[in-house]
Enquirer: 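Structure incoming, see below.
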Amino acid sequence: MTLIPRNRGGHPVAYAPGYKSSVARSPKLALISGSATPSEQTGPVFGHDLLGKLDSNLILNFTGEPAIGERIIVHGRVLDENARPVPGALVEVWQANAGGRYRHKKDGYLAPLDPNFGGCGRTITGEDGSYEFLTIRPGAYPWPNGPNDWRPMHIHFSVFGHSFGQRLITQMYFEGDPLIPLCPIVKTIPDQSAVDRLVAPLDMSRAMPLDCLAYKFDIVLRGSRQTMFENKMEGL
Amino acid sequence: MVQPLNTLTETASQTAGPYVHIGCTPNFVGIEGIYDEDLGLVPFPKDEPGEHITITGTILDGTGTVLRDVLVESWQCNAEGTFGPGSRGFARMPSDLTTGIWTLNTVKPAAVGKQSPHIALWIVARGINIGLQTRIYFEGDDHSADPLLTRLEHQNRVETLIAKKTGDNSYQFDIRLQGEGETVFLDL
Ligand SMILES: [Fe+3]
């Protein structure tokens, strides 16, 4: 597949002084652009045999006993820029617990760990590009950046499409969270419409009565050029 | 008015953050029992044909400080020039939490077309807002026809993409995110 060049205007900038960690970790020189080659146009394929029974159930997958928090379904589709579904995409998620604490030795936030919450899950999209997780709503949490910065509630997403050049890590936010526009990491994205596309709406059509709410988060990966007149070039 | 294109826009990237390992290599950070093993522990089985090599490296920020919270992914063809099948050729390398060293045990890839043997890398971490693409080429190979290396305007930066041979089957590849000797990052 011939990947369409990445539109960098819809992405965060590398150097964003409001997010202090980016200051020393952002390249100063221009990226070297070129056409994708087989190294970018192919990628690893993961089979359903990778998945355990509870991999997409973050409420139960750590100990088998339910995690504490507001039960939610997070679902959506993985599509490409040509609006085609991406089946067989590996989607991995990680998040803080209901109190805003990660199970990680570097997270010393005073909110308690939940003994039944590990904080990660994964699934593979179906033929129509769809995926679904059952989890708890993560808490907002403070972080050392500005004097009083807080992360909005969010779930981290890592997605493998069909090629290594489509590799994407992003974060999903929740409709209505007043912390979203205050967040220095959200603000690394200059295009407001690109920010809006990271905010999952409440989806009552998938909420389960007396059980859980639902949020919908569609993910769009780089597309590929469809043409009957492909100019085959070696390398670049 | 014109017809709408009906295309979508790629979802914006966000930093992988300091806890990327919880999601991508949970066993590595002590979250055990959810997945049997972390994804991408080895790119090829032990009996994979070809020259087995070890590449080690560190990633340095603009102050020269080693990153200890980084995750590197690699993707390559085998010694015959074949990508895959399945996830063969893919590896995930968390940097050591103390030393920041990442290690890739793999086979040396074949040349593909005019491209010299190389391994594609993708680097994510706290402070990196969109994953960084780069490549490992190898000291000792003839790079005179490689389309990417030969067209770099600043030829003095080519060496930032070439792993140094440190032994019979071992290479060193350090990545500098910013400043003096900044690694070439790609947009392919
Ligand atoms: Fe987070």
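Here is how names work: the chains are called A, B, and so on, in the same order as the sequence lines, proteins then strands, and each is numbered from 1.
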Enquirer: Check whether Arg167(A) gets within reach of chain B through its side chain, its backbone, both or neither, counting any heavy atom under 4.5 Å.
Expert: both
Enquirer: Checking heavy atoms, do the side chain of Phe62(A), its backbone, both or neither come under 4.5 Å from chain B?
Expert: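 Both parts, backbone and side chain.
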Enquirer: Using heavy-atom distances under 4.5 Å, tell me whether Ser26(A) contacts chain B through its side chain, its backbone, both, or neither.
Expert: both
Enquirer: Could you tell me which portion of His154(B) (side chain, backbone, both or neither) has an atom closer than 4.5 angstrom to a non-hydrogen atom of chain A?
Expert: neither
Enquirer: Should we say atom CD of Gln155(B) is surrounded by more than 12 heavy atoms from elsewhere, each under 6.0 Å from it?
Expert: yes
Enquirer: For the pair Glu48(B) (side chain) and Pro45(B) (backbone), establish whether a donor and an acceptor sit closer than 3.5 Å, ignoring hydrogens and angles.
Expert: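 No, because the side chain of Glu48(B) does not come within donor-acceptor range (under 3.5 Å) of the backbone of Pro45(B).
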Enquirer: Chain B heavy atoms under 4.5 Å from Ser39(A): which part of the residue, side chain, backbone, both or neither?
Expert: both
Enquirer: Relative to chain B, which segment of Asp107(A) carries a heavy atom at a distance below 4.5 Å: side chain, backbone, both, or neither?
Expert: both
Enquirer: Mind ranking Gly33(B), Cys24(B), Gly131(B) by heavy-atom pairs under 4.5 Å with chain A and telling me who comes out on top?
Expert: Cys24(B)
Enquirer: Do Tyr137(B) and Asp146(B) meet the criterion of a side-chain donor-acceptor pair at a distance under 3.5 Å?
Expert: yes
Enquirer: So, Thr166(B) versus Ser170(B): side-chain donor-acceptor pair below 3.5 Å or not?
Expert: yes
Enquirer: Which bit of Leu121(B) is near chain A, if near means a heavy-atom gap under 4.5 Å: side chain, backbone, both or neither?
Expert: backbone
Enquirer: Counting only non-hydrogen atoms closer than 4.5 Å, does Pro5(A) touch chain B with its backbone (N, CA, C, O), its side chain (CB onward), both, or neither?
Expert: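 Contact with chain B is absent: no heavy atom of Pro5(A) under 4.5 Å.
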Enquirer: Can you tell which of Leu67(B), Ile34(B), Asp61(B) has the highest number of heavy-atom pairs within less than 4.5 Å of chain A?
Expert: Ile34(B)
Enquirer: Judged by atom type as modelled, is there a donor-acceptor pair below 3.5 Å linking the side chain of Lys164(B) to the main-chain atoms of Gln172(B)?
Expert: no
Enquirer: Pick whichever of Leu132(B), Val124(B), Asp69(B) has the most heavy-atom pairs under 4.5 Å with chain A.
Expert: Asp69(B)
Enquirer: Please state whether the side chain, the backbone, both or neither of Leu168(A) comes within less than 4.5 Å of a heavy atom of chain B.
Expert: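 Looking at Leu168(A), backbone and side chain both touch chain B.
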Enquirer: Please look at Val186(A) and chain B and tell me whether the side chain, the backbone, both or neither of the residue comes under 4.5 angstrom of a heavy atom of that chain.
Expert: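 Contact with chain B: backbone and side chain both.
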Enquirer: Is there a donor-acceptor contact under 3.5 Å from the side chain of Gln178(B) to the main chain of Val23(A)?
Expert: yes
Enquirer: Can you list everything that forms a side-chain contact (heavy atoms from CB on, under 4.5 Å) with Ile32(A)? Sequence neighbours excluded, please.
Expert: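 So Ile32(A) forms a side-chain contact (heavy atoms from CB on, under 4.5 Å) with Arg151(B), Leu152(B), Val184(B), Leu186(B).
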Enquirer: Which atoms of Ala83(A) are under 4.5 Å from chain B, going by heavy atoms: the side chain, the backbone, both sets, or neither?
Expert: both
Enquirer: Under 3.5 Å, is there a donor-acceptor pair between the side chain of Asn78(B) and the main chain of Glu80(B)?
Expert: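 Checking the backbone N and O of Glu80(B) against the side chain of Asn78(B), a donor-acceptor pair under 3.5 Å is found.
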Enquirer: Let me know if Thr150(B) has heavy atoms under 4.5 Å from chain A in its side chain, its backbone, both or neither.
Expert: neither
Enquirer: Under the 3.5 angstrom rule, does the side chain of Gln76(B) hit a backbone N or O of Val107(B) as a donor-acceptor pair?
Expert: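 The answer is yes, because a donor-acceptor pair under 3.5 Å joins these two groups.
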Enquirer: Who are the ring pair (Phe, Tyr, Trp, His ring centres under 6.0 Å) partners of His156(A), not counting sequence neighbours?
Expert: Trp94(A), His154(A)
Enquirer: Measuring heavy-atom distances to chain B, does Ile219(A) have an atom under 4.5 Å in its side chain, in its backbone, in both, or in neither?
Expert: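 Contact with chain B involves both backbone and side-chain atoms of Ile219(A).
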Enquirer: Is Leu51(A) close to chain B through its backbone or its side chain, or both, or neither, when contacts mean heavy atoms under 4.5 Å?
Expert: neither
Enquirer: Checking heavy atoms, do the side chain of Pro18(B), its backbone, both or neither come under 4.5 Å from chain A?
Expert: backbone
Enquirer: Take Asp141(B) and Lys108(B), measure what salt bridge (Lys or Arg N to Asp or Glu O under 4.0 Å) needs, and give me the verdict at the end.
Expert: CA-CA 11 Å; Asp141(B) 285 344; Lys108(B) 191 160 175 242; 2.8 Å; yes
Enquirer: Counting distance only, does the side-chain N/O of Arg157(B) pair as donor-acceptor with the main-chain N or O of Glu182(B) below 3.5 Å?
Expert: yes
Enquirer: Name all pairs fulfilling the side chain to side chain donor-acceptor pair (under 3.5 Å) condition that reach into residues 43-61 of chain A, sequence neighbours left out, sorted by first residue then second.
Expert: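 Only Asp55(A)-Arg122(A) qualify under side chain to side chain donor-acceptor pair (under 3.5 Å).
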Enquirer: Mind checking which of residues 81-96 of chain B sit less than 4.5 Å from chain A, heavy atom to heavy atom?
Expert: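 Listed by number: Phe83(B), Gly86(B), Ser87(B), Phe90(B), Arg92(B).
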